[in-house]
S.K.: 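After the structure tokens below, expect a handful of questions from me.
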Amino acid sequence: MDALYKPEGVEERWQRTWEEEGLYDADPDPSRRSFAIAHPPPNVTGDLHLGHALQLSLADTIVRTRRMQGYNVLFQPGFDHAGISTQNAVEKHLATEGKTRQDLGREAFEQRVWEWLREYGGKIMFQFRRVGASLDYRRERFTMDDGYVRAVMRFFVHLYDKGWIYRANRIINWCPFHLTSLSDLELQHVDVDDMLAYVRYPLADGDGEITIATVRPATILADVAVAVHPGDERYEDLVGREVVVPVVERRVPVIADDRVEREFGTGALKVTPGHDPLDYEIGRDHGLPELSVIGADGRMNAEAGPGFEGLTQQEADERVLAWLQERGQLEKREQYRHTVAVCDRCKSRIEPRISLQWWCAMDELKRPALEALRSGRVRYHPESQHRFAIQSLEDAPDWNISRQIWWGHQLPVWECPDGHITVAETEPEACADCGSKELTRSTDVLDTWFSSALWPFATLGWPDDTPDLLQFYPGDLNTTARDIIRLWENRMIFSGLELMGDVPFTDIVIHSTVHAPAGGRMSKSLGTGMNPLAVIDAYGADAMRYGLMKMASSQDVRFSEGAIDEGRKLANKLWNVARLIILASDGAKPDPRPRTLEEHWILARLAQTQRRIERHLAEFDFSHLVDELYHLTFDDFCDWYAEAIKARLYDGDAGARATATAALERLLTLLHPAMPHVTEEIWSNLPDRERRLIVTPWPEAGDDSQAGALARVQEAAEMYRRSGVRIPLEGEERRIFDAVVRPREDGDGDAAAEVERLRNEIARAEGMLANDRFVQNAPAHVVDAEREKLARYQRELDALTD
RNA sequence: GGGCGGUUAGCUCAGUUGGGAGAGCACCAGCUCGACAAGCUGGGGGUCACUGGUUCGAGCCCAGUACCGCCCACCA
């Protein structure tokens, strides 16, 4: 055993060993209680980031504890095909070859994606293993596996048969680059500088005009009304009359709607239902026509009229502005900064567009899910996220589930030449309505989250009745990031309830977001991203796990290299104290029976700390968990206990050696879930190992009946630290104390200050106890504590002034 | 414009029903090299963002203000 613990090599050796020995395996076994954790399958679009590493560390710490506690643990690995993200990544890659997906064609493009997946999938599983995540790697699943596809198709047909999936022509978010609709959750909002144009619309009867403001003059061609606020006296007389839309010279009504903001611009809004979500809603409510002048490619279409068709929007804007300028209908233009929606992936500006899409109605699906959340059957941690999750689910609108991209689950929808729709899990032979054999399958694919929603049970073989499902569903835990609550968590809950009749898990841990050291999001493009493998190479996986958990204390945390280094030091300290005990104990058999005071003390301390560890785990408080481990190891085990017994170990004291070995075993057990590799490595160096640490039973709940000795010595040390006063200890207590706390050389200089301090404290305590309002109002234990302090200070003062 | 979180030592952060301000790192001093590329012991260092309020007593509870961050949002 070297004096410096070197994780490289050691960690990978154990990762291989655990996996090869089948210690990660989860197999159905009705005789054992199961524990299943649904871990987010990462997108195969590149490398893992520190957020993934944190997520894995938290989950694996729980998983390893549960495994030691005797549960039949399922920690399911896999990937998400991540529709648009993956397609975008592959397209970017193609662009480096000067190609587009259209150059390849759909089939060849899909082939390229599969190749991409094979390459990156392997890389990502390698990263999972390097973190030490004890997933059952045999069970790796992918959301486009054959069996998984069947589950997705079944889900679609199920919802369609219930009437909850339907097709409708509505305004949607259109990405002009990917040429697909997007859900609201797949957008980003960015600030842009635009020009706001003030345009005069003359009244049809020639008597006056209304000025509106717009940033998109080209959409004037699709205007169908002008709206004002109902209470706006400026326009009161105009409501119900008609104005003439510039360029197209169409007569449209002036309507009143309270969704118009009086304060914005001129307080009058041009209504363009075909190209704006708000206008769309106003248009629907007022029965207005829906005109589209912009096509799928983002250019002006035939409806825009001669002279406009084929122009870019910018060209059309200019042409409209020129027209207005000529006729004096352009009042002014001004600089205007506002936010616009862009595609989350390619950052293209979103084009609101009316389009025929497939939708999933949410009303029926979300009802039981909300009930599960409100009743606490499913609980988010922390509590604030629970409220947020409920709120988001309540507000969830119908879900646009169809996408026009190429990579994903193709909709199980067939259409005959007469336009009848047939929905079936597998290709139907004939149209369900007219019997036509000429069926063409929809080229749309499903929103990637539609399939992700099935992860907890589709990975276990649903829709078949499998032993895995019986054993591992419903599961227990899910750990995930905050931004995915609406996309994934809530959808897993409602699909689980709908298809399996129960929730997929009962606890959801929303972990911290790790930011760059300088603050702000970690991002590859900003150069603030960090690769977990680089951290592992520099510090070791155990150190990284420790450090990430230590950081994960609040909603957003900054990455701190110091926390990782703390983990490295802990591993090294543990390694060295083990080295002391193992080398000095000469293969002594472990014997947990304490004889001396320090042995009572350390065993009591281990038991005491174990209960705190268990509490932190139950509360998913990982930061305090690892803090507890650090102080247990450093302060208690090494600085006190090991220092106290060191001499006797070298002297060949058999009892000290046996107990030290037993105490070390216990310490390793408690540390293993958080820092699996170094603990297993040390464990393997202990004499007579019958089994790996990873499958060693978690100790029984602690017994701290020896806490008396602990309390006495601790109190003595505490008082010594505070005051430098010599504590009257006898026998063993005195000996331990002297062994680990060196008395000060002189006492005289400090004694005067100490007397002064004690007198002040006594005065303060007496003052409080003399205050009737304190004695009457403060809780009894607080008053008692104050009395005890007073008595103690007086004893100390007496001892000092003797 | 909403929602959530944050503001405590030079840095990163704890602080569990309100009851004598803490850890790790960094810094200083002493000790010790027979587990520890180090360790041990001790020490210096803080108007707990600000303002008001409740209370015998507030880092903690209430109201407000200022910054910072994240998420959300149809002001054309």
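Below, read A as the first sequence line, B as the second, and so on, with proteins coming before strands; counting in each chain starts at 1. These numbers were taken from a predicted model, which means no experiment stands behind them.
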S.K.: Please map the stems of RNA chain B, keeping only stretches of three or more Watson-Crick or G-U wobble pairs with both distances under 3.5 angstrom.
M.R.: B:1-7 with B:66-72, B:10-13 with B:22-25, B:27-31 with B:39-43, B:49-53 with B:61-65
S.K.: Both A:C638 and A:R262 contact RNA chain B. Taking the nearest nucleotide for each, which residue is further toward the 5' end?
M.R.: A:C638
S.K.: Could you work out the separation of B:rC74 and B:rA63 based on their P atoms and round it to a whole Å?
M.R.: 29 Å
S.K.: Can you check the A:F388 CZ to B:rC70 C1' distance for me, whole Å?
M.R.: 11 Å
S.K.: If you measure only the distance, is there a donor-acceptor pair under 3.5 Å linking the side chains of A:E351 and A:Q313?
M.R.: yes
S.K.: Check the interface with nucleotides 60-63 of chain B: list each N/O to N/O pair with the protein under 3.5 Å, or write none.
M.R.:
none

S.K.: If I take atom CZ in residue A:R259 and atom P in nucleotide B:rG1, what distance separates them, rounded to the nearest angstrom?
M.R.: 23 Å
S.K.: Side chains of A:H386 and A:H381, heavy atoms from C-beta outward: is any pair under 4.5 Å?
M.R.: no
S.K.: My understanding is that only residues two or more places apart in sequence, or in another chain, count here; which of them pass ring-ring contact (aromatic ring centres under 6.0 Å, His included) with A:F622?
M.R.: none
S.K.: Tell me the interatomic distance from A:D483, atom CG, to B:rG5, atom C1', rounded to whole angstroms.
M.R.: 15 Å
S.K.: Can you tell which of A:L574, A:I581, A:T609 makes a side chain to side chain contact (heavy atoms under 4.5 Å, CB included) with A:F637?
M.R.: A:I581
S.K.: Taking the same atom, P, in B:rC36 and in B:rG43, what whole-Å distance lies between them?
M.R.: 27 Å
S.K.: Does A:R657 use its side chain to pair, donor to acceptor, with the backbone of A:L649 at less than 3.5 Å?
M.R.: yes
S.K.: Are A:R216 and A:D194 ion-paired here, with the side-chain N under 4.0 Å from a carboxylate O?
M.R.: no
S.K.: Think A:T339 has a side-chain N or O under 4.0 angstrom from the OP1 or OP2 of B:rG1?
M.R.: no
S.K.: Going by an N to O cut-off under 4.0 Å, is there a salt bridge joining A:R612 and A:D621?
M.R.: no
S.K.: Just compare B:rA73, B:rC70, B:rG5 and give me whichever is closest to any side-chain atom of A:D184.
M.R.: B:rA73
S.K.: Can you tell me how far C1' of B:rC68 sits from CD of A:Q555, to the nearest Å?
M.R.: 13 Å
S.K.: Which nucleotide, B:rG69, B:rC74, B:rC36, lies nearest any side-chain atom of A:H515?
M.R.: B:rG69
S.K.: Just the rounded figure in Å: distance from C1' of B:rC25 to OH of A:Y539.
M.R.: 12 Å
S.K.: Between protein and nucleic acid, restricted to nucleotides 37-39 of chain B and to nitrogen or oxygen atoms under 3.5 Å apart, what atom pairs and distances do you find?
M.R.:
{"from": "B:rG39", "atom 1": "O3'", "to": "A:K573", "atom 2": "NZ", "distance (Å)": "3.1"}

S.K.: Listed in order of residue number, which residues of residues 266-283 of chain A have a non-hydrogen atom at under 4.0 Å from RNA chain B?
M.R.: A:L269, A:L278
S.K.: Can you confirm whether the side chains of A:Y539 and A:E561 place a donor and an acceptor under 3.5 Å from each other?
M.R.: yes
S.K.: Salt bridge check, A:E489 against A:R491: does any charged N sit closer than 4.0 Å to a carboxylate O?
M.R.: no
S.K.: Nearest-Å distance, CD (A:E261) to P (B:rA73)?
M.R.: 17 Å
S.K.: Side chains of A:Y546 and A:E566: do they bring a donor and an acceptor to under 3.5 Å?
M.R.: yes
S.K.: When the P atoms of B:rC11 and B:rC27 are compared, how many Å lie between them, rounded to an integer?
M.R.: 15 Å
S.K.: Taking atom P in both B:rG22 and B:rC48, what distance in whole Å separates the two?
M.R.: 14 Å
S.K.: Where the side chain of A:S384 is concerned, which of B:rC70, B:rA73, B:rG5 is the nearest nucleotide?
M.R.: B:rG5
S.K.: Using heavy atoms and a sub-4.0 Å distance, could you list which residues of residues 620-631 of chain A are near RNA chain B? By number, please.
M.R.: A:H624, A:Y630, A:H631
S.K.: Does a donor on one side chain and an acceptor on the other come within less than 3.5 Å for A:Y198 and A:E334?
M.R.: yes
S.K.: So A:L238 and A:V228, do their side chains get closer than 4.5 Å, heavy atoms only?
M.R.: no
S.K.: Does B:rA14 have its OP1 or OP2 closer than 4.0 Å to a side-chain nitrogen or oxygen of A:S553?
M.R.: yes
S.K.: Is there side-chain contact between A:L269 and A:I212, with at least one heavy-atom pair below 4.5 Å?
M.R.: no
S.K.: From CE of A:M551 over to C1' of B:rC11, roughly how many Å is that when rounded to an integer?
M.R.: 14 Å
S.K.: Using the C1' atoms only, state how far B:rU32 lies from B:rA38, rounded to an integer number of Å.
M.R.: 11 Å
S.K.: Name the orientation of the base relative to the sugar in B:rA21: syn if the glycosidic angle is within 90° of 0, else anti.
M.R.: anti
S.K.: Should A:E643 and A:K646 count as an ion pair when the cut-off is N to O under 4.0 Å?
M.R.: yes
S.K.: Looking across every strand, which nucleic acid part, if any, lies under 4.0 Å from A:R216 by heavy atom: base, sugar-phosphate, or nothing?
M.R.: nothing
S.K.: Regarding A:R337 and A:D193, does a basic nitrogen lie under 4.0 Å from an acidic carboxylate oxygen?
M.R.: yes
S.K.: Looking at A:D565 and A:R568, is there a salt bridge between them, counting it only when a charged N and a carboxylate O are closer than 4.0 Å?
M.R.: yes
S.K.: With P as the reference atom in both, quote the distance from B:rC71 to B:rA58 in angstrom, rounded to an integer.
M.R.: 38 Å
S.K.: Judged by modelled atom types alone, do A:N400 and A:S183 share a side-chain donor-acceptor pair under 3.5 Å?
M.R.: no
S.K.: Between A:R558 and A:A213, which residue's closest nucleotide on RNA chain B lies nearer the 5′ terminus?
M.R.: A:R558
S.K.: Would you mind reporting whether A:V342 and A:L187 have side-chain heavy atoms less than 4.5 Å apart?
M.R.: no
S.K.: When you compare the side chain of A:F264 with that of A:L196, does any pair of heavy atoms fall below 4.5 Å?
M.R.: yes
S.K.: Rounded to the nearest angstrom, tell me the gap between atom CD1 in A:I172 and atom P in B:rC74.
M.R.: 15 Å
S.K.: Determine the interatomic distance between P on B:rC62 and the same-named atom on B:rG6; round to the nearest Å.
M.R.: 12 Å
S.K.: Give A:R612 one of three labels, base, sugar-phosphate or nothing, depending on what nucleic acid heavy atoms sit under 4.0 Å from its own.
M.R.: nothing
S.K.: Between B:rG59 and B:rG19, how far is it from one P atom to the other, in whole Å?
M.R.: 10 Å
